[in-house]
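See below for the structure under consideration.
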Number of protein chains: 2
Amino acid sequence: MTFPLLTDQVTQTLRAQGGRMTAQRRLILDVLQASDSHPTAEELYALARQSDPSLNLSTVYRTLNWLEERGFVSPRRFDDNHAHKHFDPVQPDGGHVHHFHCRKCDRVIEFSAPQVELLLEQIRGEIARQHGLRVDDAALVLSGLCMDCVAKS
Amino acid sequence: MTFPLLTDQVTQTLRAQGGRMTAQRRLILDVLQASDSHPTAEELYALARQSDPSLNLSTVYRTLNWLEERGFVSPRRFDDNHAHKHFDPVQPDGGHVHHFHCRKCDRVIEFSAPQVELLLEQIRGEIARQHGLRVDDAALVLSGLCMDCVAKS
DNA sequence: GTATATGCAAACTGTTTGCATTTAC
DNA sequence: GTAAATGCAAACAGTTTGCATATAC
């Protein structure tokens with residue numbers, strides 16, 4: 001799951017926008033590319049410091065933000081600790097609610113449809129079989145434009 | 001999407017575990033129940049303080065954690081700001097990678113299968129049609145036990 | 001040479017914790 | 001009366017920012 005072109009692409013963008021390819025950025029990109037473990041900023045920092053102990057954590061954050069703004073990396077959140085959480089009441093019937101997040105107005109819309117549940121069940125089975133693991137839960141987060149924002153555009 | 005029984009259920013559990021139903025807890029539960037906006041702890045705090053300005057933020061956190069531990073509320077994370085992020089390289093072909101999160105060893109396993117993509121496509125269409133919105137992206141996070149942890153148990 | 005990045009320390013946000021006081025049972 | 005919950009302040013983790021210094025172009 002590595003993309004040998006990442007550093008090159010970034011260098012191009014950098015050039016196009018009057019930015020500069022520094023040793024730190026190159027290092028961070030290398031580490032990012034070499035890693036398939038979804039590192040957090042801190043983990044990436046620790047890895048990169050093995051090569052350059054003088055690297056600063058804020059440089060890592062600045063670089064990651066820069067990369068994210070330009071679509072080179074995408075943030076994911078898996079762990080429930082230390083995260084900015086939203087709390088929903090849990091459904092008494094144990095049924096599942098999934099979410100749609102409008103990227104324009106930030107609205108969150110819940111949905112749950114039997115057909116969706118059925119399809120998800122197939123996916124869960126598929127993945128469980130393929131990887132030999134046990135799937136207990138499936139969280140689906142769709143994103144796009146909600147009805148209101150679609151109407152406005 | 002409200003469950004009138006929430007406060008009652010919590011009271012029962014509380015009783016069963018030697019806990020106490022306080023005015024603060026009742027207030028937090030009421031606010032949680034009345035709200036369909038997926039409030040964060042801070043938002044919930046702000047809402048609840050309208051009824052009881054002496055309510056403390058740490059009480060809100062403690063109550064939410066208590067509720068979460070007992071399965072009464074479930075945390076969700078939607079916003080990319082202020083969250084504990086994991087960074088992945090974005091795939092150049094725009095293809096999709098989904099994730100499996102082992103709740104025991106915290107390992108994250110990527111997967112992407114054409115069948116899954118196909119099923120997700122159906123879900124996206126279904127939801128888009130049902131709600132009249134535009135779905136640009138679908139993030140699927142499965143969780144359970146990974147192969148290693150299954151083997152160990 | 002100049003604009004851009006860096007390192008460092010200090011600030012900031014969201015969350016947790018220790019402890020004395022209050023309160024539900 | 002006693003164990004459990006609260007309020008408060010202080011600590012904590014992850015992230016951002018201001019500023020002087022260094023460096024890519």
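Order of the sequence lines sets the chain letters (A, B, ...), proteins ahead of strands, with each chain counted from 1. Just so we're clear, the structure is a prediction, and the values are computed from it rather than from any experiment.
The distance from atom CG of A:L44 to atom C1' of D:dT15 is 15 Å, rounded to the nearest whole Å. One atom, CD of A:Q17, and another, P of C:dA3, lie 18 Å apart when rounded to the nearest Å. B:L14 places its CG atom 18 Å from the P atom of C:dT23, with the value rounded to the nearest Å. A:Y45 has its OH atom 8 Å from the P atom of C:dC8, to the nearest Å. One atom, CD1 of B:I28, and another, C1' of D:dG7, lie 13 Å apart when rounded to the nearest Å. As rounded to whole Å, 11 Å separates atom P of D:dT6 from atom CH2 of B:W66. Between the P atom of C:dC25 and the CZ atom of B:R15 lies a distance of 7 Å, rounded to the nearest Å. Rounded to whole Å, the distance from OH on A:Y61 to C1' on C:dC8 is 16 Å.
A:Q24 has no side-chain polar atom (N or O) that falls below the 4.0 Å cut-off from OP1 or OP2 of D:dT23. Remark: B:N56 is in phosphate contact with D:dC8, judged by side-chain N or O atoms under 4.0 Å from OP1 or OP2. Regarding contacts with the backbone of C:dG7, a side-chain N or O of A:T59 is found under 4.0 angstrom from either OP1 or OP2. Neither OP1 nor OP2 of C:dT15 sits under 4.0 Å from any side-chain N or O of B:N65.
Judged by closest nucleotide on DNA chain D, B:R20 is the one of B:R62 and B:R20 placed further toward the 5' end. Both B:T22 and B:L57 lie near DNA chain C, and the one whose nearest nucleotide falls closer to the 5' end is B:L57. Both A:G19 and B:A23 lie near DNA chain C, and the one whose nearest nucleotide falls closer to the 5' end is A:G19.
A:R20 contributes atom CZ, which lies 14.5 Å from atom OG1 of A:T11 (distance to the nearest 0.5 angstrom). Note that CD of A:Q130 is 9.0 Å distant from CZ of B:F111, once rounded to the nearest 0.5 Å.
A:R70 forms a cation-pi arrangement with A:W66, by the criterion of a distance under 6.0 Å to the ring centre and an angle within 45° of the ring axis.
For the side-chain contact (heavy atoms from CB on, under 4.5 Å) test with A:L47, the passing option among A:D30, A:I28, A:V31 is A:V31; the others fail.
The nucleotide whose nearest atom lies closest to any side-chain atom of A:E42 is, among D:dT15, D:dC25, C:dG14, D:dT15.
Using a 4.0 Å heavy-atom criterion, one finds that B:R25 contacts the sugar-phosphate atoms exclusively. Counting any heavy atom pair closer than 4.0 Å across all strands shown, A:S54 reaches sugar-phosphate atoms only and no base atom.
Between the side chain of B:E43 and the backbone N or O of B:T40, at least one donor-acceptor pair lies under 3.5 Å.
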